[in-house]
Structures are given as structure tokens and as C-alpha cells.
There are 2 protein chains.
Amino acid sequence: MKNANNNMQLDGIDKKILRALMKDARTPILEIARGVGISGAAIHQRLRKLEKSGLISGSKFMINPKVLGYTTMAYIGIYLDKAMSNPEAVKQLKQIPEVLECHYTTGNWSIFIKVLCKDNEHLMQVLNKDIQSISGISRTETFISLNQQIDRQIEI
Amino acid sequence: MKNANNNMQLDGIDKKILRALMKDARTPILEIARGVGISGAAIHQRLRKLEKSGLISGSKFMINPKVLGYTTMAYIGIYLDKAMSNPEAVKQLKQIPEVLECHYTTGNWSIFIKVLCKDNEHLMQVLNKDIQSISGISRTETFISLNQQIDRQIEI
DNA sequence: CCTGAAACCCCGTGATG
DNA sequence: CATCACGGGGTTTCAGG
């Protein structure tokens, strides 16, 4: 994981390039070039520089999981036994495909995860069968997301 | 927001197309075509079908906020006064660029958000100046993500 | 840090089986 | 649901200022 690089300085053209591609990763480079008034080759050079800096970490197609029947998203705070090492717990959580995010956090919990399930029953199975069966996990607290109202990236 | 469409059925080729594009949205269609052994035109047709179904919701360049100095991510549970309508609170939260996600959740909190800040001081300012100053927000509970260990999309 | 040109490759569609 | 063919355009790299 790359760390902060405070030498990173984006000018207006870099920002326009990034904003276009963050909105639609398949925007043609030449279209961006026409938009900002420089050549396609120059955009390429800038993109290479941005990649080398680590700012760009790739591009992804976004899919809407609801269409596949995944309608239940939940956050789960996990308490670990003192004996259980956090990295070992994470290793086990990685094996559960429904776990999409996993954080070490300050506060009550040792670990905080986001899961995506088809429905409440599926969520219950993931909790009872997959998560609770990891030895070292003593207790969990679940928050179901009834509705996600904001979902965006940082502003450039 | 699209809802579940249980008529959606993906065959192996659809899955290969989606997996390639979910990993790298700029993968050339013809490269995928060669990979799965059908023509580019056929991939195009399938992508149109997938778009029409709502499964594909676009493509995004992912950037690594750490490189811009955004090193503090936190989740915040928000308690709202009974008088405050949730939609109004969300509207106000949308004005805060550091707020990247916002959910209605079951459990203790009315609203649950994810924020991304440059450092702890910046987080404190967002909490005290931007969030707490929204009338109707009575109390918050903050969990700082010390480290994100898993970050992925659903498996296709 | 930029440009223009060249070579190569891809896109998206329409006709068709 | 697939294919081929095609015109238009995009990508990428190079030498050069």
C-alpha cells in the first residue's frame, strides 16, 4: 500500500484528466485531450506520471449487486478474544466472499467489516456459519444498511 | 436505484467479460473476445444486454487517496433528534465533501457515514465544524480505521 | 512539458446466418 | 446468439523543440 507523497502536486489539467476518468474509466483519451486543449500524447505522459506516483490504482467496472439479488448490506463490529491475533482473523475473513471490506478500528471492536448478502437469511448464515465459527471471534454487533444515500470518491 | 431482477442469468461468458472489466475497466473488448473465443461484436451485444439489465452501473478510475495526503478514514454513527428528518440530514451531509458514504441503518444510530480526512486534526474539524453544526444531529460516535485489510467487489 | 505523425489496434454497427 | 466486414477513430510511441 502506497503512502502519502507530499511532493504530489496536481495542476488543473491533471485534475481534469482524473475527473473525467473517475467518472467514466473508458472515456477516450483523445476526447479528454480535446476537452483540455492539449494533444493525446501529452495526456498519455501525464497519465504515466500519475500512475508512477501511485495516485492511480487502476480502473474498475462497477456493478449493481441488487440486480444479482444481493439486497442486504451490513456492517459488523467484531470483538476478538485476546488470544486471537488480528491478522489471523483477517486471513479467515478473506475466505468469506461476502466480506467486502475489513478494517482495524479504534473503539469497542477489534475489527469492523462490511458484508453483502442476498437477504437477511443469507446474512444470518454468514454470521452464524462463517463468521461465528472463526475461533477467536467472541461476539459481533450487526448494523444493517437499510439504504445507501451517498456513495462517492474523494473530490479532486 | 435498480432493484433485484431475478430473471438475470449470467452464463460463463458473461462472467468472464465482467470479471475482466471489473479488474480493469479499460481492457480492450477484443482482448476479452480472444480470451473467451468469440467475436468482439458478440461481446458488444452481451455488454449491451448487461447494461440494459442494470447490472453494469458504469466504470471508474480508482485513485489512492493516501497519495494526496488523505490518511485518516473513519466511520461515524450519528444520532438524530426526533425532530430532524433523515432526508434533511442526508442533504446536509452531501454538502460535506469528506463524507463518502451515508447509510440509514438498523441499530443504535439513525445514520452511519464514512469520512475520509487528511489527518486526525482534519477529522476533528469535520466533526466539530461541519457535522456537529448540522442542527438535528445530537451525538456522534466515531471509529477510526487504522488499516483497511480487505477492499473488493462482490464475486461474479 | 509539449507536439505531430505514423503504425497499429480497437470500436461500434449493420447485414446476415 | 453468433459472425464478418468496414469506416472511423483511438492508442501508443517516437523524434524533436
Side-chain angles (χ1 to χ4, degrees), chain A residues 2 4-69 153 155-156, chain B residues 2 4-65 67-69 153-156:
Chain A
K2 278 283 185 354
N5 172 357
N6 290 320
N7 299 327
M8 198 66 224
Q9 202 54 18
L10 302 176
D11 67 12
I13 294 178
D14 288 328
K15 290 182 185 174
K16 281 186 183 171
I17 297 170
L18 287 172
R19 278 197 277 255
L21 292 171
M22 284 170 73
K23 202 157 63 166
D24 177 358
R26 290 187 77 94
T27 313
I29 270 72
L30 283 182
E31 190 178 314
I32 300 173
R34 286 189 293 269
V36 302
I38 63 177
S39 70
I43 307 272
H44 265 276
Q45 283 184 30
R46 283 166 176 270
L47 278 173
R48 267 202 294 275
K49 183 196 67 185
L50 292 170
E51 267 164 33
K52 232 180 51 196
S53 79
L55 213 208
I56 293 175
S57 59
S59 66
K60 301 243 178 302
F61 244 64
M62 311 306 291
I63 64 148
N64 179 354
K66 287 188 185 175
V67 176
L68 295 178
Q153 286 194 76
E155 273 177 23
I156 300 284
Chain B
K2 278 283 186 352
N5 170 357
N6 290 319
N7 299 327
M8 200 64 223
Q9 201 55 21
L10 301 176
D11 67 13
I13 293 178
D14 289 328
K15 290 181 185 175
K16 280 185 183 172
I17 296 170
L18 288 172
R19 279 197 277 255
L21 292 171
M22 285 170 72
K23 201 157 63 169
D24 177 359
R26 289 187 80 93
T27 314
I29 270 71
L30 285 181
E31 190 178 314
I32 301 173
R34 286 188 294 270
V36 303
I38 63 177
S39 71
I43 307 271
H44 270 276
Q45 277 187 38
R46 283 167 176 269
L47 278 173
R48 268 202 294 275
K49 183 195 68 186
L50 292 170
E51 267 164 32
K52 233 181 50 196
S53 79
L55 213 208
I56 294 175
S57 58
S59 67
K60 302 242 179 302
F61 245 64
M62 310 307 290
I63 63 147
N64 179 356
V67 176
L68 295 178
Q153 286 195 73
I154 202 183
E155 273 178 23
I156 300 284

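To find a chain, count down the sequence lines: A is the first, B the second, and so on, and within it residues start at 1.
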Worksheet entry | Contact list for residues 27-37 of chain B, test salt bridge (charged side-chain N to carboxylate O under 4.0 Å, His left out), sequence neighbours left out | none
Worksheet entry | Nearest-angstrom distance from the residue atom CD1 of A/Ile29 to P of C/dC10 | 15 Å
Worksheet entry | A/Ala20 to A/Thr27 - nearest heavy-atom pair and separation | O-OG1, 3.5 Å
Worksheet item: Does C/dC10 have OP1 or OP2 sitting under 4.0 Å from an N or O in the side chain of B/Arg34?
Response: yes
Worksheet entry | Heavy-atom side-chain proximity of B/Leu50 to A/Ile63 below 4.5 angstrom | no
May I have the list of side-chain donor-acceptor pairs in residues 54-61 of chain A shorter than 3.5 Å, sequence neighbours left out?
from, atom 1, to, atom 2, distance (Å)
A/Ser57, OG, B/Met62, O, 3.2
A/Ser59, OG, B/Asp24, OD1, 3.0
A/Ser59, OG, B/Ala25, N, 2.9

Listing, residues 38-47 of chain B side-chain donor-acceptor contacts under 3.5 Å, not counting sequence neighbours, or none:
from, atom 1, to, atom 2, distance (Å)
B/Ser39, OG, B/Ala42, N, 3.2
B/Arg46, NH1, B/Asp11, OD1, 3.0
B/Arg46, NH1, B/Asp11, OD2, 3.1
B/Arg46, NH1, B/Asp14, OD1, 2.9
B/Arg46, NH2, B/Asp11, OD2, 3.1

Worksheet item: When the C1' atoms of the five terminal pairs at each end define the local axes, what inter-axis angle does the helix from C/dC1-D/dG17 to C/dG17-D/dC1 show, to 10 degrees?
Response: 30°
Worksheet entry | Atom pair distance, as rounded to whole Å: CD1 in B/Ile43 and P in C/dC10 | 13 Å
When you compare the protein's N or O atoms with those of nucleotides 3-7 of chain C, which come within less than 3.5 Å of each other, and at what distance?
from, atom 1, to, atom 2, distance (Å)
C/dT3, OP2, A/Ser39, N, 2.7
C/dT3, OP2, A/Ser39, OG, 2.7

Worksheet item: So does B/Lys23 have more than 12 non-hydrogen atoms from other groups sitting under 6.0 Å from NZ?
Response: no
Practice prompt. Give me the first and last nucleotide of DNA chain D, going 5' to 3', that has any atom under 4.0 Å from a heavy atom of chain B.
Written response: D/dC1 to D/dT11
Worksheet entry | Presence of B/Arg48 side-chain N/O under 4.0 Å of C/dG12 phosphate oxygens OP1/OP2 | no
Worksheet, complete the sentence: d(B/Ile29 CD1, A/Arg26 CZ) to nearest 0.5 Å is 3.5 Å
Response to the item:
By side chain to side chain contact (heavy atoms under 4.5 Å, CB included), A/Lys15 pairs with (sequence neighbours left out) A/Leu10, A/Arg19, A/Ile156
Worksheet entry | Atom pair distance, as rounded to whole Å: CZ in B/Arg46 and C1' in C/dT13 | 18 Å
Worksheet item: Rounded to whole angstroms, how far apart are NE2 on B/His44 and P on C/dG12?
Response: 5 Å
Worksheet item: Of the residues in residues 10-27 of chain B, which ones touch DNA chain C at a heavy-atom distance under 4.0 Å?
Response: none
